[in-house]
Protein chains: 2
Amino acid sequence: MSVQITREADYAIRCILHLVGLDGGMSTVRNIADRESIPRSFAAKIVQKLTKAGLVESVRGVKGGFRITRSPEEISLLDVIEAVEGPISMNICVLDKKSCDRQPQCPVHPCWVEITESIRERLGSYTFERILRESGR
Amino acid sequence: MSVQITREADYAIRCILHLVGLDGGMSTVRNIADRESIPRSFAAKIVQKLTKAGLVESVRGVKGGFRITRSPEEISLLDVIEAVEGPISMNICVLDKKSCDRQPQCPVHPCWVEITESIRERLGSYTFERILRESGR
DNA sequence: ATATATAGGACTGATTTTATCCTATTTATC
DNA sequence: GATAAATAGGATAAAATCAGTCCTATATAT
């Protein structure tokens, strides 16, 4: 079951999908969560992370909520996933060299580096503009 | 930290790397575990899975152990990872359609299918022959 | 018979995932 | 200014998964 994104990342993508659909309009956590089938308090945590990552901005107080900060062609799946999960990699050794005890250099390491880069590229190529276009809106 | 292979899969790859290095020769769990820095009893579980997947074969009793069943160009990272983790996918919905409550069709679904296929292809392209060759043995 | 292997199931502790809850703060409106 | 509706963020908790151990059974060379 591994090599999968988490449910949190999946939820985060739904959040962005929702906000992108509003064309820069605002929505509350309550709204996003209910429309996108995400537990409310979990959704709150997630949009907070998206805010910290700069993908959305928040407005506090009455009439507050969240809105997207970029146009759909400037946000990719990679941006959203890494906003909630941090940098992704196929193996821990790609991010944390010293996590690998195998000396001097494990022959598989370059594979992980290359595959990680390829996944990041591909995820980066899926912008929300593209996703919506290819799904016929 | 997600989208990573598990430590178990990493260990499994070390096991195969070890056995491939023996050119068809046999090795015991004890040996593999010690040489590849894998906890012994965990290594036992792992080579058992590799045996069930047909990547290695076992010989029981005194002088027993494990040996590789294919040549290094016929075993890829994908084979080993899926032998211990089962089929991989970027999102649960790729393997289990009904896991997704979003009707009728989530616009992101095709992305997961495509990216999953691309990862599988790339992992499949790394045979142990290639890994050893590119690392200069 | 014995010693040395693997086979496989049951179990356990640690970590991560998936949340929930509570208090503080901000802000529009009356 | 009081109030209601919203986000900010920390603490906590339940469930699932990961990582690993242990034990008994079975096979086999000597």
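Lettering follows sequence order; numbering is per chain, from 1.
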| request: Starting at atom CD of A:Gln4, determine the distance to atom C1' of C:dT16, rounded to an integer number of angstrom. | output: 15 Å
| query | With a 4.0 Å cut-off on heavy atoms, is B:Val47 in touch with a base, just the backbone sugar-phosphate, or nothing at all? | reply | nothing
| Between C:dT6 (P) and B:Ile46 (CD1): distance, integer Å | 14 Å
| Length of the CD-C1' vector between B:Glu36 and D:dA19, whole Å | 18 Å
| said: Over all strands shown, is B:Lys49 touching base, sugar-phosphate only, or nothing at heavy-atom distances under 4.0 angstrom? | reply: nothing
| OP1 or OP2 of D:dA19 less than 4.0 angstrom from a side-chain nitrogen or oxygen of B:Tyr11, does that happen here? | no
| query | If you pin B:Thr51 and A:Lys63 to their nearest nucleotides in DNA chain C, which one's is more 5'? | reply | B:Thr51
| task | Whole angstrom is fine here: how far is it from NZ in A:Lys52 over to P in D:dT7? | result | 16 Å
| request: Mark yes or no for a side-chain to base donor-acceptor pair under 3.5 Å between A:Arg60 and C:dT27, with no hydrogen or angle criteria applied. | output: no
| message | What is the distance, to the nearest angstrom, from the CD atom on A:Glu85 to the P atom on C:dT16? | response | 13 Å
| query | Counting only distance, no hydrogens or angles, is the base of D:dG20 paired donor-acceptor with the side chain of B:Lys45 under 3.5 Å? | reply | no
| said: I need the CZ-P distance between B:Arg40 and D:dC23, as an integer number of Å. | reply: 16 Å
| query | Touch check for A:Ser41, heavy atoms < 4.0 angstrom, all strands: base, sugar-phosphate only, or nothing? | reply | base
| said: Quick check: on DNA chain C, is the nucleotide nearest A:Val62 upstream (toward 5') of the one nearest A:Glu8, or the reverse? Name the residue that is more 5'. | reply: A:Glu8
| query | If you measure only the distance, is there a donor-acceptor pair under 3.5 Å linking the side chains of B:Ser37 and B:Arg14? | reply | no
| message | Can you tell me which nucleotide in D:dT7, C:dT18, C:dG8 comes closest to the side chain of A:Arg7? | response | C:dT18
| task | Would you check if the side chain of A:Glu36 reaches a backbone N or O of A:Tyr11 as a donor-acceptor pair within less than 3.5 Å? | result | no
| said: Return the CZ to CD distance between B:Arg67 and B:Glu57, rounded to the nearest 0.5 Å. | reply: 4.5 Å
| Do B:Leu123 and B:Ile88 pass the side-chain contact (heavy atoms from CB on, under 4.5 Å) test, and can you show the C-alpha distance, the side-chain angles, and the key distance before you say yes or no? | CA-CA 11 Å; B:Leu123 285 171; B:Ile88 67 175; 3.6 Å; yes
| message | When you measure from the side chain of B:Ser27 to the backbone of B:Gly65, do you find a donor-acceptor pair of N or O atoms at a distance under 3.5 Å? | response | no
| note | Looking only at C:dT6, C:dT20, D:dT7, the nucleotide nearest the A:Phe66 side chain is D:dT7
| field | Nearest-Å distance for atom pair CD1/C1', residues B:Ile38 and D:dC18 | value | 16 Å
| remark: Taken to the nearest whole Å, CD/B:Gln48 to P/C:dT6 is 10 Å
| said: Check the phosphate of D:dA8 against A:Ser58, side-chain N and O only, distance under 4.0 Å to OP1 or OP2. Yes or no? | reply: yes
